[in-house]
Amino acid sequence: MPAPAHLLPAPPPLTETEHDLTRWEDDGGPAYEAPPRPHAAQWLRISAALGERLPELAGREDVIVTCDHGTRSGAPAAFYRTLAQLEIDAGLFAPLRPATIHPTQVGDEARYPVAWGAFTHEAAHAAHSRWSTPPALRGTALDTAAQLLEEARVEKAHLARRPGDRSFLRAAVQSLVLPDFTTQNPTDSWQAGAAAGLILARRDAGILDPDETQPLHDAVTAILGPDLLDTLTQIWTAAHATSDDDAQAMMSHAQAWCQALGASPDAPQPTPDPSGSGRRGELADVIGKVTAAVAANEAASQAAQARANAAQTSRARAKAAHAARARQAAEIASKVFTPGARPFTPESQRSKYRSDASPVTGTRPPTAGEKAAAGRLARALRAAAYRERATTVTSSAVPPGRLNMRGALARDAQKAAGAIPSAQPWVRTQRRQGPTPPLRVGIAVDVSGSMNAAASPIASAAWIVAKAAALTDPDSRTATIAYRRALTAITAPGRAPARVTEFDADGGGHSLAEAADALTAALDLATPGTGRLLVIASDGHYRPDEVTRAADRISALRTAGCAVLWLAFEPDPRPLPGATLLELADPAQAATAIGKAATTALAATNP
């Protein structure tokens with residue numbers, strides 16, 4: 001049986017060699033100098049670091065931690081209760097180099113889960129094992145049973161304080177407890193009970209999962225029978241509920257354990273039954289299945305955690321990238337829309353050989369047709385912005401409201417029967433006007449040489465939309481940017497122009513991505529709560545890098561709920577993905593098309 005030889009009152013007695021060395025020194029001989037061990041200084045540092053971390057695990061500051069090659073008890077880790085000493089075998093940290101182990105750094109323990117699991121288990125003993133077997137009974141079956149029941153009890157108590165340590169305790173069980181059941185272990189009732197007390201009890205303590213321990217549960221049931229296993233289950237369940245310092249109760253549980261398995265409490269633990277030699281190794285085979293199930297579940301859990309961490313990292317990076325882009329967009333908007341600003345050339349389009357001049361050629365007063373078009377568009381926007389009044393119907397036992405005769409009769413009947421009246425005969429209907437969302441329209445006009453024919457109607461459309469929005473709602477805003485290599489503001493946000501700005505389309509390059517950024521920042525096109533629309537007037541003949549950057553901006557706006565309309569005036573339009581194409585044979589239709597799209601966007605906006 002795997003012996004829990006790690007919870008002892010004190011270290012084992014000195015060996016004969018150690019006695020001889022002690023007598024030699026007492027007789028005046030030179031002190032024995034142990035041969036130097038590899039990385040001794042590093043293991044001393046690690047011991048001190050583990051001692052610093054122990055109070056957070058055990059809630060004690062008086063325990064001395066030693067990490068060295070091997071322990072005095074021979075177990076992977078041990079706790080000596082009367083001396084308040086904890087030992088852990090340095091071999092548990094393999095294959096890590098000692099210089100890379102830093103327990104004081106929270107999170108470093110994830111690199112050595114088995115060692116930290118053993119350390120956590122001994123810390124649980126330090127915190128919760130406040131009783132001990134009477135000296136006269138040490139080494140008996142009663143002592144063995146009591147120590148066995150203590151294993152899962154302290155882990156359950158520890159998890160109640162620190163549930164996050166479960167994965168480390170599982171790692172220790174998987175690597176240190178389960179492998180102790182070898183093919184040399186006989187399969188008799190005492191060994192089956194020990195397997196149940198060490199493994200199935202940890203299932204009930206919340207360390208292992210039921211699906212992992214099911215093969216052992218079936219095997220132990222076949223060996224002990226369901227009634228005996230149920231008795232043992234009741235014993236360890238009672239032990240789990242025992243207080244940390246109740247030695248009498250733990251001895252009683254151990255007594256019941258020995259009685260159930262037919263063992264003499266005062267004698268050593270039962271020796272293997274010779275008749276069971278033919279079944280030697282049966283438990284090891286079953287526990288091998290438990291080990292495999294635990295390993296599979298741990299691998300699946302780690303994979304899921306890795307995916308979650310990767311997703312969290314990706315979200316954090318995306319959030320940081322979005323914030324950086326928003327700051328950059330705000331900077332571009334401030335440079336483009338500053339009154340009297342010159343055309344702004346983005347970094348991606350800058351050239352030391354030439355600088356772009358403004359495409360603006362002047363202004364003119366609006367025509368009568370443009371004024372009429374602005375008025376018609378304003379009326380259409382008002383109609384689209386209309387929201388049906390919200391209706392709320394409430395019932396009550398008293399006025400105001402309309403009297404419902406069925407409810408009144410039901411209330412009278414309840415009173416006549418002596419019951420508490422619950423009917424509510426008065427019905428009140430309240431109607432409230434919902435908020436009207438304002439409009440945000442950004443217009444990006446391509447003023448490269450291929451768009452020369454559309455310059456005049458687009459200038460007219462920009463004025464019409466800006467004027468109509470101002471007439472509709474004081475909170476509505478529009479803005480227009482002419483883009484080629486540089487960005488030039490045609491109409492600024494929040495300003496309804498009194499005159500129509502005219503421009504030429506004769507430049508090169510396409511800074512649509514930066515134009516979209518500037519309009520998004522200036523008009524809050526990515527913020528819900530308004531009717532948002534981005535209108536792009538262009539033929540779409542861009543360089544691949546320009547297409548990639550602009551398509552990314554359009555996709556982001558569509559995801560944020562902003563509609564994107566692409567006006568094309570060429571027979572071979574190349575709209576970017578995500579934009580709704582509207583191909584116009586006559587450039588003069590641009591104003592009407594923009595008006596319809598703006599109306600649709602506003603009508604689809606939720607208040």
Side-chain angles (χ1 to χ4, degrees), residues 359-386 436-447 451-482 488-505 519 522-523 525 530-538 562-570 573 579-605:
V360 176
T361 59
T363 62
R364 62 172 176 81
T367 64
E370 290 169 339
K371 293 179 180 179
R376 291 194 301 270
L377 178 56
R379 289 190 293 271
L381 293 178
R382 289 194 190 96
Y386 175 75
T436 299
L439 183 65
R440 302 285 186 266
V441 179
I443 304 175
V445 183
D446 181 358
V447 292
M451 292 293 294
N452 185 63
S456 179
I458 289 301
S460 175
W463 183 88
I464 292 173
V465 173
K467 189 65 174 180
L471 294 173
T472 302
D473 188 336
D475 292 331
S476 295
R477 292 186 298 165
T478 66
T480 303
I481 290 179
T488 304
I490 303 301
T491 59
R495 301 174 187 172
R499 299 172 65 85
V500 179
T501 301
E502 296 181 315
F503 52 86
D504 287 334
L519 291 169
L523 299 172
L525 295 182
T530 60
R532 294 162 288 145
L533 175 67
L534 174 63
V535 179
I536 302 171
S538 176
C562 177
V564 180
L565 177 66
W566 189 283
L567 300 182
F569 301 94
E570 292 288 332
T580 301
L581 173 64
L582 180 58
E583 188 174 0
L584 303 174
D586 182 4
Q589 299 175 8
T592 304
I594 294 174
K596 291 181 179 179
T599 302
T600 302
L602 185 57
T605 301

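Applying the salt bridge (Lys or Arg N to Asp or Glu O under 4.0 Å) rule to Arg364 yields the partners Glu370, Glu502; only residues at least two apart in sequence or on another chain are considered. Judged as a side chain to side chain donor-acceptor pair (under 3.5 Å), and not counting sequence neighbours, Ser476 has no contacts.
Between the CG atom in Leu439 and the CG atom in Leu523 there is a gap of 9.5 Å [rounded to 0.5 Å]. Note that OG1 of Thr580 and CG of Leu567 are 10.5 Å apart. Values are rounded to the nearest 0.5 Å. The CD1 atom of Ile464 sits 8.0 Å away from atom CZ of Arg376, with the distance rounded to the nearest 0.5 Å. Residue Trp463 holds its CH2 atom at 8.0 Å from OG1 of Thr367, rounded to the nearest 0.5 Å. Ile443 contributes atom CD1, which lies 11.5 Å from atom CD1 of Ile536 (distance to the nearest 0.5 angstrom).
Screening Leu519, Val564, Thr530, Val441 against Leu525 for a side chain to side chain contact (heavy atoms under 4.5 Å, CB included) leaves a single residue, Leu519.
Counting only distance, with no hydrogens or angles, the side chain of Arg440 and the backbone of Arg532 share no donor-acceptor pair below 3.5 Å.
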**OP:** Under the side-chain contact (heavy atoms from CB on, under 4.5 Å) rule, what do Thr478 and Thr480 come out as? Steps first, then yes or no, please.
**Re:** CA-CA 7 Å; Thr478 66; Thr480 303; 5.9 Å; no

Original post:
Run the side-chain contact (heavy atoms from CB on, under 4.5 Å) check on Val445 and Phe503 step by step: do they pass?
Top reply: CA-CA 10 Å; Val445 183; Phe503 52 86; 3.8 Å; yes

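For Leu533 against Cys562, the heavy-atom pair with the smallest separation is N-SG, 3.9 Å. Taking both residues in full, the closest heavy atoms of Ser538 and Trp566 are given as O-NE1, 3.1 Å, listed atom of the first, atom of the second, then distance. The shortest non-hydrogen separation linking Val447 to Asp504 is CB-O, 3.8 Å. Across every non-hydrogen atom of Pro359 and Ala482, the tightest pair is CG-CB, 4.1 Å. Between Ala468 and Ala374, the closest heavy-atom pair is CB-O, 3.4 Å.
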